Participant: 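Please see the structure below; I have some questions.
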Amino acid sequence: MSVGTTDNETVVRRDIEEVWSSDGDLDSIDDTVTDDFVYHTSMMEINGRDEYREMAEETRKMFSDFDMEVEDILSSDDEVVVRYTMRGTNTGEMMGKEPTNERIEMTGIIIDRLEDGKIRERYENADELGMLVQLGVVELPPEMREFEE
(Lines give C-alpha, C1' and ligand atoms only; values in the text may rest on other atoms or scores of the structure.)
Protein backbone atom coordinates (compact mmCIF):
# COMPACT_ATOMS: atom_id res chain seq x y z
CA MET A 1 0.00 0.00 0.00
CA SER A 2 1.42 3.36 -1.00
CA VAL A 3 0.78 6.26 1.36
CA GLY A 4 1.53 9.85 0.34
CA THR A 5 3.81 12.19 2.26
CA THR A 6 0.84 14.40 3.24
CA ASP A 7 -0.91 11.37 4.73
CA ASN A 8 2.27 10.45 6.62
CA GLU A 9 2.50 13.98 8.02
CA THR A 10 -1.11 13.70 9.18
CA VAL A 11 -0.35 10.45 11.04
CA VAL A 12 2.73 11.92 12.75
CA ARG A 13 0.93 15.15 13.66
CA ARG A 14 -1.97 13.13 15.12
CA ASP A 15 0.43 11.04 17.20
CA ILE A 16 2.10 14.17 18.60
CA GLU A 17 -1.17 15.97 19.29
CA GLU A 18 -2.92 12.98 20.88
CA VAL A 19 -0.14 11.10 22.68
CA TRP A 20 2.03 14.03 23.74
CA SER A 21 -0.66 16.29 25.12
CA SER A 22 -2.01 16.02 28.68
CA ASP A 23 -5.59 15.91 27.46
CA GLY A 24 -4.88 13.72 24.42
CA ASP A 25 -6.14 10.23 23.67
CA LEU A 26 -3.64 7.43 24.30
CA ASP A 27 -5.93 5.00 22.47
CA SER A 28 -4.80 6.72 19.26
CA ILE A 29 -1.51 4.83 19.64
CA ASP A 30 -3.19 1.79 18.10
CA ASP A 31 -3.99 3.87 15.01
CA THR A 32 -0.65 5.69 14.64
CA VAL A 33 2.15 3.20 15.42
CA THR A 34 2.84 -0.38 14.30
CA ASP A 35 2.78 -3.34 16.68
CA ASP A 36 6.58 -3.59 16.45
CA PHE A 37 7.21 0.16 16.78
CA VAL A 38 10.71 1.11 17.99
CA TYR A 39 11.48 4.51 19.59
CA HIS A 40 15.15 5.49 19.95
CA THR A 41 16.20 8.33 22.26
CA SER A 42 19.52 9.23 23.85
CA MET A 43 18.22 7.97 27.20
CA MET A 44 16.27 4.81 26.28
CA GLU A 45 14.80 2.56 23.63
CA ILE A 46 11.09 1.79 23.60
CA ASN A 47 9.84 -1.37 21.91
CA GLY A 48 6.20 -1.86 20.95
CA ARG A 49 2.93 -0.08 21.59
CA ASP A 50 2.65 -1.10 25.24
CA GLU A 51 6.02 0.39 26.21
CA TYR A 52 5.20 3.52 24.19
CA ARG A 53 1.87 3.92 25.98
CA GLU A 54 3.61 3.39 29.35
CA MET A 55 6.21 6.06 28.51
CA ALA A 56 3.46 8.54 27.57
CA GLU A 57 1.52 7.78 30.78
CA GLU A 58 4.65 8.30 32.90
CA THR A 59 5.39 11.59 31.15
CA ARG A 60 1.85 12.80 31.85
CA LYS A 61 2.33 11.94 35.53
CA MET A 62 5.56 13.96 35.64
CA PHE A 63 4.12 17.00 33.80
CA SER A 64 0.48 17.82 34.57
CA ASP A 65 0.00 20.27 31.69
CA PHE A 66 2.25 18.59 29.16
CA ASP A 67 1.97 19.78 25.57
CA MET A 68 4.04 19.39 22.42
CA GLU A 69 3.80 21.94 19.62
CA VAL A 70 4.88 21.15 16.06
CA GLU A 71 7.10 24.02 14.88
CA ASP A 72 8.12 22.54 11.50
CA ILE A 73 7.24 19.36 9.64
CA LEU A 74 8.96 18.00 6.53
CA SER A 75 8.45 14.73 4.71
CA SER A 76 9.90 12.70 1.91
CA ASP A 77 8.71 9.27 0.86
CA ASP A 78 8.29 7.22 4.06
CA GLU A 79 10.03 9.65 6.45
CA VAL A 80 8.67 12.62 8.39
CA VAL A 81 10.84 15.07 10.33
CA VAL A 82 9.37 17.26 13.07
CA ARG A 83 10.93 20.13 15.00
CA TYR A 84 8.94 20.61 18.19
CA THR A 85 8.69 22.57 21.41
CA MET A 86 7.48 20.73 24.51
CA ARG A 87 6.14 22.59 27.54
CA GLY A 88 4.91 21.44 30.92
CA THR A 89 4.98 21.91 34.68
CA ASN A 90 6.78 19.26 36.73
CA THR A 91 4.09 18.23 39.22
CA GLY A 92 4.99 14.56 39.56
CA GLU A 93 8.01 12.54 40.62
CA MET A 94 10.73 12.33 37.96
CA MET A 95 13.72 9.97 38.03
CA GLY A 96 13.22 9.47 41.77
CA LYS A 97 13.13 13.22 42.47
CA GLU A 98 10.22 15.06 44.05
CA PRO A 99 8.27 17.47 41.80
CA THR A 100 9.82 20.91 41.40
CA ASN A 101 6.63 22.65 40.20
CA GLU A 102 8.88 24.39 37.67
CA ARG A 103 7.53 25.12 34.20
CA ILE A 104 9.88 23.94 31.46
CA GLU A 105 10.28 24.38 27.74
CA MET A 106 12.31 21.91 25.70
CA THR A 107 12.98 21.69 21.98
CA GLY A 108 13.74 18.64 19.91
CA ILE A 109 13.74 16.88 16.57
CA ILE A 110 11.89 13.68 15.68
CA ILE A 111 12.54 11.56 12.60
CA ASP A 112 9.80 9.01 11.93
CA ARG A 113 9.82 6.20 9.39
CA LEU A 114 6.37 5.00 8.38
CA GLU A 115 5.13 1.71 6.94
CA ASP A 116 1.62 1.31 5.54
CA GLY A 117 0.39 4.53 7.11
CA LYS A 118 1.75 3.92 10.64
CA ILE A 119 4.92 4.96 12.43
CA ARG A 120 7.33 2.00 12.47
CA GLU A 121 10.43 3.66 13.87
CA ARG A 122 11.19 6.96 15.63
CA TYR A 123 14.48 8.68 16.41
CA GLU A 124 14.35 11.62 18.81
CA ASN A 125 17.00 14.10 19.83
CA ALA A 126 15.80 16.46 22.57
CA ASP A 127 17.41 19.02 24.85
CA GLU A 128 17.22 16.88 28.00
CA LEU A 129 20.12 18.77 29.59
CA GLY A 130 18.26 22.06 29.15
CA MET A 131 15.18 20.50 30.75
CA LEU A 132 17.18 19.23 33.74
CA VAL A 133 18.79 22.67 34.19
CA GLN A 134 15.35 24.34 34.11
CA LEU A 135 14.12 21.89 36.75
CA GLY A 136 17.11 22.64 38.96
CA VAL A 137 18.22 18.99 38.88
CA VAL A 138 21.50 19.84 37.14
CA GLU A 139 23.54 22.99 37.65
CA LEU A 140 25.67 24.39 34.85
CA PRO A 141 29.32 25.12 35.63
CA PRO A 142 29.99 28.82 36.36
CA GLU A 143 31.66 29.42 33.00
CA MET A 144 28.48 28.34 31.19
CA ARG A 145 25.95 30.30 33.25
CA GLU A 146 26.37 33.39 31.11
CA PHE A 147 24.53 31.47 28.35
CA GLU A 148 21.43 30.86 30.49
CA GLU A 149 18.37 32.92 29.73
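Only a predicted model underlies this, so the values are computations on that prediction, with no experimental measurement involved.
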Participant: Strictly distance-based, threshold 3.5 Å: is any side-chain N or O of Thr91 a donor or acceptor partner for the main-chain N or O of Ser64?
Facilitator: yes
Participant: Considering residues at least two apart in sequence or located in another chain, which fulfil the side chain to side chain contact (heavy atoms under 4.5 Å, CB included) criterion with Glu98?
Facilitator: Glu93
Participant: Answer whether the closest heavy-atom distance between the side chains of Glu79 and Leu74 falls below 4.5 Å.
Facilitator: no
Participant: What closest approach, in Å, do Asp36 and Arg120 show between heavy atoms, and which atom pair accounts for it?
Facilitator: O-NH1, 2.8 Å
Participant: Any salt bridge (charged side-chain N to carboxylate O under 4.0 Å, His left out) involving residues 123-137? Give me the pairs, sequence neighbours left out, ordered by first then second residue.
Facilitator: none
Participant: Please check if any side-chain donor atom of Thr85 sits under 3.5 Å from a side-chain acceptor atom of Glu71, or the reverse.
Facilitator: yes
Participant: Determine, using the 4.5 Å side-chain heavy-atom cutoff (strictly less than), whether Met55 and Ile104 are members of one ILVMFWY cluster.
Facilitator: yes
Participant: Give the C-alpha distance, both sets of side-chain angles, the deciding distance and a yes or no for side chain to side chain contact (heavy atoms under 4.5 Å, CB included) between Leu135 and Met131.
Facilitator: CA-CA 6 Å; Leu135 291 172; Met131 175 186 67; 4.0 Å; yes
Participant: Do Asn90 side-chain atoms and Thr100 backbone N/O form a donor-acceptor pair below 3.5 Å?
Facilitator: yes
Participant: Would you please name every residue forming a ring-ring contact (aromatic ring centres under 6.0 Å, His included) with Tyr52, sequence neighbours left out?
Facilitator: Trp20, Phe37, Tyr39
Participant: Write down the atom of Ala126, the atom of Tyr84, and the distance for their closest heavy-atom approach.
Facilitator: CB-OH, 3.2 Å
Participant: Work out which heavy atom in Asp25 is nearest to a heavy atom in Asp27; give both atom names and the distance.
Facilitator: OD1-N, 2.9 Å
Participant: Is Val82 reachable from Tyr123 through a run of I, L, V, M, F, W or Y residues, each pair having side-chain heavy atoms under 4.5 Å apart?
Facilitator: no
Participant: Mind checking whether Met44 and Val38 sit in one hydrophobic cluster, side chains of I, L, V, M, F, W, Y counted as touching below 4.5 Å?
Facilitator: no
Participant: Taking the side chain as everything from C-beta on, heavy atoms only, tell me whether Asp67 gets closer than 4.5 Å to Met86.
Facilitator: no
Participant: Can you see whether Asn8 engages Ser75 through a side-chain donor-acceptor pair at a distance of less than 3.5 angstrom?
Facilitator: no
Participant: Go through the steps for Val133 and Glu139 under the test side chain to side chain contact (heavy atoms under 4.5 Å, CB included), then give the verdict.
Facilitator: CA-CA 6 Å; Val133 169; Glu139 189 173 316; over 6 Å; no
Participant: Could you check if a side-chain atom of Ile73 sits within less than 4.5 angstrom of a side-chain atom of Val81, using non-hydrogen atoms only?
Facilitator: no
Participant: Quick one: are Glu69 and Arg83 in side-chain contact, heavy atoms under 4.5 Å?
Facilitator: no
Participant: Quick check on the hydrophobic clustering: are Ile109 and Ile16 connected, directly or via other members, by side-chain heavy-atom contacts under 4.5 Å?
Facilitator: no
Participant: Sequence neighbours left out, what passes salt bridge (charged side-chain N to carboxylate O under 4.0 Å, His left out) with Asp31? Give chain and number order.
Facilitator: Arg14
Participant: Minimum heavy-atom separation for Val11 to Gly117, with atom names?
Facilitator: CG2-O, 3.3 Å
Participant: Between Arg122 and Asp112, does at least one N-O distance fall below 4.0 Å, as a salt bridge requires?
Facilitator: yes
Participant: Over all heavy atoms of both residues, which pair between Asp65 and Thr89 is shortest? Give the atoms and the distance, please.
Facilitator: OD1-N, 2.5 Å
Participant: Hey, are the side chains of Val12 and Ile119 touching, using non-hydrogen atoms and a 4.5 Å cut-off?
Facilitator: yes
Participant: Any side-chain heavy atom of Val70 sitting closer than 4.5 Å to one from Arg13?
Facilitator: yes
Participant: So for atom CG, which belongs to Asp30, do other residues, nucleotides or ligands contribute more than 12 heavy atoms lying within a distance under 6.0 Å?
Facilitator: yes
Participant: Using 0.5 Å steps for rounding, measure from the CG atom of Asp50 to the CD1 atom of Ile29.
Facilitator: 9.0 Å
Participant: When rounded to the nearest 0.5 angstrom, what distance separates CE in Met106 from CG in Leu129?
Facilitator: 11.5 Å
Participant: Would you please name every residue forming a side chain to side chain contact (heavy atoms under 4.5 Å, CB included) with Asp35, sequence neighbours left out?
Facilitator: Arg49
Participant: Do the non-hydrogen side-chain atoms of Ile111 and Val80 ever get within less than 4.5 Å of each other?
Facilitator: no
Participant: What heavy-atom pair brings Glu45 and Glu51 nearest, and what distance separates the two atoms?
Facilitator: O-OE1, 4.0 Å
Participant: Under 4.0 Å between a side-chain nitrogen and a carboxylate oxygen: does that hold for Glu58 and Arg60?
Facilitator: no
Participant: Using side-chain heavy atoms (C-beta onward) and a distance below 4.5 Å, is His40 in contact with Glu121?
Facilitator: yes
Participant: Ignoring hydrogens and geometry, is there a side-chain-to-backbone donor-acceptor pair from Gln134 to Glu105 under 3.5 Å?
Facilitator: yes
Participant: Who pairs with Glu17 by side-chain hydrogen bond (donor to acceptor under 3.5 Å, both in side chains), at least two apart in sequence or on another chain?
Facilitator: none
